[in-house]
Asks: 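Got a structure for you, questions after.
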Amino acid sequence: MMAEKMLVQGNEAVGWGALSGGCDAFFGYPITPQNEITDWFAREFPERGKVFVQSQSETGSINMLCGGAAVGFRVITSTSSPGWGLMQEGLSQIVATELPCVVVMVQRGGPGAGSIRHAQMDYTCVTRGGGPGGYNNIVLAPSSVQENHDFVALAFHLADKYRNPVVVLTDGLIGQMVESLEIRSFDFEPLPEKEWALRGRDEQKDKVRRFLHNAPGILPMPLYPNYISFLKHLEEKYHKMAEIEVRYEAYHVEDADLVLVAYGYPSRSCKRAVRMARDEGLKVGLIRPITLWPFPHQAIKNKAIAGSIFLVVEDSQGQMVEDVRIASENRGAVHFLGMWARHLPTDGGMIMPGIVLKEIRRLLS
Amino acid sequence: MSATETKQKVVGKPALAGFPFPSCPGCQHPVVGRMVFEVVEELGLGGKTIVVIGVGCHGGPMFFANIDAILAPHGRAPDIATAAKRLRPDALVFTVQGDGDCVAIGAGPFIGALTRGEKFTTIMCNNTNYGTTGGQLAPTTVMGQVTSTTPKGRSSELGGYPIHTAELAATFRGTAYSARGALTTGAWYQRTKKFIRTAFEKQINKVGFSFVEVISACPPNWHLTPVECLEWIDEVAVKEFPLGEFKNLGEIT
Ligand SMILES: Cc1ncc(C[n+]2csc(CCOP(=O)(O)OP(=O)(O)O)c2C)c(N)n1
Ligand code: SF4
């Protein structure tokens with residue numbers, strides 16, 4: 001069968017990705033620059049017999065996600081930076097309750113109300129869990145409309161696999177741009193049934209009640225007789241994710257003296273800059289982290305050991321650059337090109353390939 | 001009914017109740033819990049029920065009950081119940097919340113659910129203060145009542161005036177049922193139990209949102225003996241919070 005192809009906006013691709021990922025319900029509150037996502041679900045979900053609820057706030061969205069996940073369904077919300085802030089208590093509770101869900105975070109500029117345009121200023125708060133209590137979520141970073149679709153579908157699978165939230169961290173630019181999208185289906189590894197979900201006792205195979213709660217070990221349960229046993233279990237889960245879920249794209253990295261590191265929209269400027277630099281005979285490559293957590297530390301470390309230097313291109317004042325510094329373990333110099341390099345000093349300014357190329361030339365001269 | 005059955009009904013524990021979670025002597029939250037279990041048993045729905053538990057002493061009786069349950073973050077139970085009921089419309093879904101949980105920190109989620117006319121049930125235990133954290137001012141604290149954060153009694157300058165949740169819930173068009181009960185006498189016990197049953201029936205018949213507020217004694221934080229608590233409810237609390245049904249619709253038009 002020919003895969004269906006269409007021309008859509010990045011935000012709408014999130015909706016199509018949710019369908020491909022077997023999503024049952026969307027809960028969300030409007031915020032720019034992700035409004036097309038909320039609108040898409042309002043339009044497309046009820047007529048497919050799926051649930052759409054416009055929540056009264058982002059705290060509402062995230063707790064509705066908790067409820068939908070608790071009763072065993074695939075659930076998603078989307079928001080932008082201020083809404084992400086409001087969701088943190090709920091997200092931490094979802095982690096503690098070990099519920100799977102997908103949060104799409106279309107970054108805009110901050111702090112505060114900030115801008116309503118693209119930015120990458122929430123890397124740190126998103127990759128470090130975000131809420132209280134010290135935990136981790138897998139964070140996927142798309143850089144195209146197609147990846148908005150693909151990564152949302154993947155996010156549902158990973159969330160169920162680990163019974164943990166997965167964040168798709170994109171930005172206003174990818175959300176607003178229009179590209180061609182191929183609707184794909186995915187053959188992810190089969191997962192066990194959600195025997196832990198609330199259904200009402202009669203609907204459980206063993207007819208035994210389920211009790212989901214956000215203080216395992218504090219309220220002793222068979223699986224976690226005490227607090228430390230639960231924290232150990234969470235830690236093992238994070239180790240496993242860090243071991244097997246790291247994803248990144250390596251572009252002309254093999255012989256590169258200078259490795260660019262970028263995610264999301266700036267990674268597209270970087271790819272272009274790599275091609276232009278290669279035309280000039282400069283040995284430049286790009287590592288594009290696809291999972292921002294777990295971060296591709298090893299790939300960067302390997303290049304550092306091989307003697308490469310790094311240029312982190314990130315539309316912020318410098319957040320991911322810290323992870324690259326940690327990964328390089330002080331072996332290769334880590335340079336930074338941030339939002340001061342925008343082509344305009346406004347909320348609409350972007351980091352263009354030209355300025356990246358200029359920096360490449362400067363570093364390799 | 002055999003003698004043993006009668007005894008079980010009068011002094012025994014409802015089968016759904018499970019391990020008793022500790023509370024202070026004279027606390028009436030466990031009585032609300034017991035009443036809920038009795039009604040769910042009478043409706044024969046123990047195996048089709050999901051309870052969303054608020055944060056506070058009111059939640060205790062639900063922890064180890066023999067029904068599917070989830071603990072909500074403080075005040076967020078209506079959000080969780082919204083999603084649970086929408087995705088499992090055939091389950092009996094209810095929240096158990098305190099007055100602080102429901103109309104202080106949880107006012108947003110509660111009003112959101114009322115506005116959308118969600119078809120679950122909320123049981124709110126009103127003990128006119130925050131029991132768990134040591135008896136602070138709640139939106140329901142009555143005028144002049146001494147709490148740990150109103151050491152000179154609630155004054156309008158500092159704390160405004162009490163909120164009337166059952167009356168408020170009744171004003172929403174999506175609300176099918178709203179009532180307030182108390183546990184001061186056998187008669188009021190029976191009436192309040194009937195309120196809870198009617199509320200669940202509204203949900204079962206998919207009419208709309210249903211709500212029952214129960215005035216519930218908190219002896220240590222009221223600084224009264226359990227018996228004095230009952231007198232205080234009769235003499236003071238009920239004057240501020242009249243008992244009865246505020247709305248009872250067979251259909252929302
Ligand atoms: C976000 C958050 N803030 C504060 C608390 C602390 N806290 C726990 S219970 C409670 C008050 C509960 O009062 P109420 O809902 O009236 O229930 P009661 O204990 O009186 O039954 C508070 C403030 C918390 N658990 N979470
Ligand atoms: S503090 Fe009050 S509400 Fe809490 S258990 Fe004791 S009596 Fe009940």
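A, B, ... follow the sequence lines: proteins, then strands. Residue 1 opens every chain.
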Asks: Shorter than 4.5 Å, heavy atoms on both sides: which option in A:Met64, A:Lys207, A:Glu89, A:Gln204 has the most such pairs with chain B?
Replies: A:Met64

Asks: Would B:Cys102 and B:Glu213 count as a side-chain contact (heavy atoms from CB on, under 4.5 Å) here? Give the steps.
Replies: CA-CA 10 Å; B:Cys102 188; B:Glu213 173 177 339; over 6 Å; no

Asks: Evaluate whether atom OH of A:Tyr227 has more than 12 neighbouring non-hydrogen atoms of other residues, nucleotides or ligands under 6.0 angstrom away.
Replies: no

Asks: Select, from B:Ile111, B:Ile67, B:Thr49, B:Val93, the one with the greatest count of heavy-atom pairs under 4.5 Å involving chain A.
Replies: B:Ile67

Asks: Step through the shown structure and confirm whether more than 12 heavy atoms of other residues, nucleotides or ligands are within 6.0 Å of NZ on A:Lys205.
Replies: no

Asks: Below 4.5 Å from any heavy atom of chain B, which atoms of A:Gln54 appear? Answer side chain, backbone, both or neither.
Replies: backbone

Asks: Taking every non-hydrogen pair under 4.5 Å, which of B:Arg76, B:Lys48, B:Arg88, B:Arg116 racks up the most with chain A?
Replies: B:Arg88

Asks: Using a cut-off of under 4.5 Å for heavy-atom pairs, which of A:Glu203, A:Gln93, A:Lys50 has the most such pairs with chain B?
Replies: A:Gln93

Asks: Please classify the contact of A:Thr59 with chain B as side chain, backbone, both or neither, using a heavy-atom distance under 4.5 Å.
Replies: both

Asks: Just so I understand: if I count every heavy-atom pair under 4.5 Å between each of B:Ala72, B:Ala77, B:Gly108 and chain A, which residue has the most?
Replies: B:Gly108

Asks: Check whether the side chains of A:Gln88 and A:Ser92 place a donor and an acceptor atom closer than 3.5 Å, and report yes or no.
Replies: no

Asks: Is it the backbone or the side chain of B:Ala81 that comes under 4.5 Å from a heavy atom of chain A, or both, or neither?
Replies: neither

Asks: Quick check on the interface: out of B:Val51, B:Ile80, B:Asp68, who has the most heavy-atom pairs with chain A under 4.5 Å?
Replies: B:Asp68

Asks: Could you point out which residue of B:Phe209, B:Phe37, B:Phe211, B:Phe200 forms a ring-ring contact (aromatic ring centres under 6.0 Å, His included) with B:Phe94?
Replies: B:Phe200

Asks: For B:Asn129 and B:Gln136, run side-chain contact (heavy atoms from CB on, under 4.5 Å): C-alpha distance rounded to whole Å, both residues' side-chain angles, the deciding distance at 0.1 Å, then the answer.
Replies: CA-CA 6 Å; B:Asn129 72 72; B:Gln136 291 85 356; over 6 Å; no

Asks: Please classify the contact of B:Thr82 with chain A as side chain, backbone, both or neither, using a heavy-atom distance under 4.5 Å.
Replies: side chain

Asks: For the candidates A:Cys66, A:Gly68, A:Ala70, A:Gly60, which exhibits the highest count of non-hydrogen atom pairs separated by less than 4.5 Å from chain B?
Replies: A:Gly60

Asks: Between A:Leu169 and A:Leu140, is there a side-chain heavy-atom distance shorter than 4.5 Å?
Replies: no

Asks: Under 4.5 Å heavy-atom distance to chain A, tell me which part of B:Leu92 shows up: side chain, backbone, both or neither.
Replies: neither

Asks: Among B:Gly75, B:Ala113, B:Ala65, which has the most heavy-atom pairs under 4.5 Å with chain A?
Replies: B:Ala65

Asks: Please say whether the positively charged group of A:Arg209, taken as NZ for Lys or CZ for Arg, lies over the ring of A:Phe211, i.e. under 6.0 angstrom from the six-membered ring centre and within 45 degrees of the axis.
Replies: yes

Asks: Who among B:Asn66, B:Ile50, B:Val52, B:Asp90 has the most heavy-atom pairs with chain A under 4.5 Å?
Replies: B:Asn66

Asks: Using non-hydrogen atoms and a 4.5 Å limit, figure out which bit of B:Leu87 sits close to chain A: side chain, backbone, both or neither.
Replies: both

Asks: So that I can tick it off, tell me whether A:Glu36 and A:Arg43 are bridged by a salt bridge, with the cut-off set at under 4.0 angstrom between side-chain N and carboxylate O.
Replies: no

Asks: Step through it carefully: locate the ring centre of A:Phe45, locate the ring centre of A:Phe52, and say whether they are under 6.0 Å apart.
Replies: no

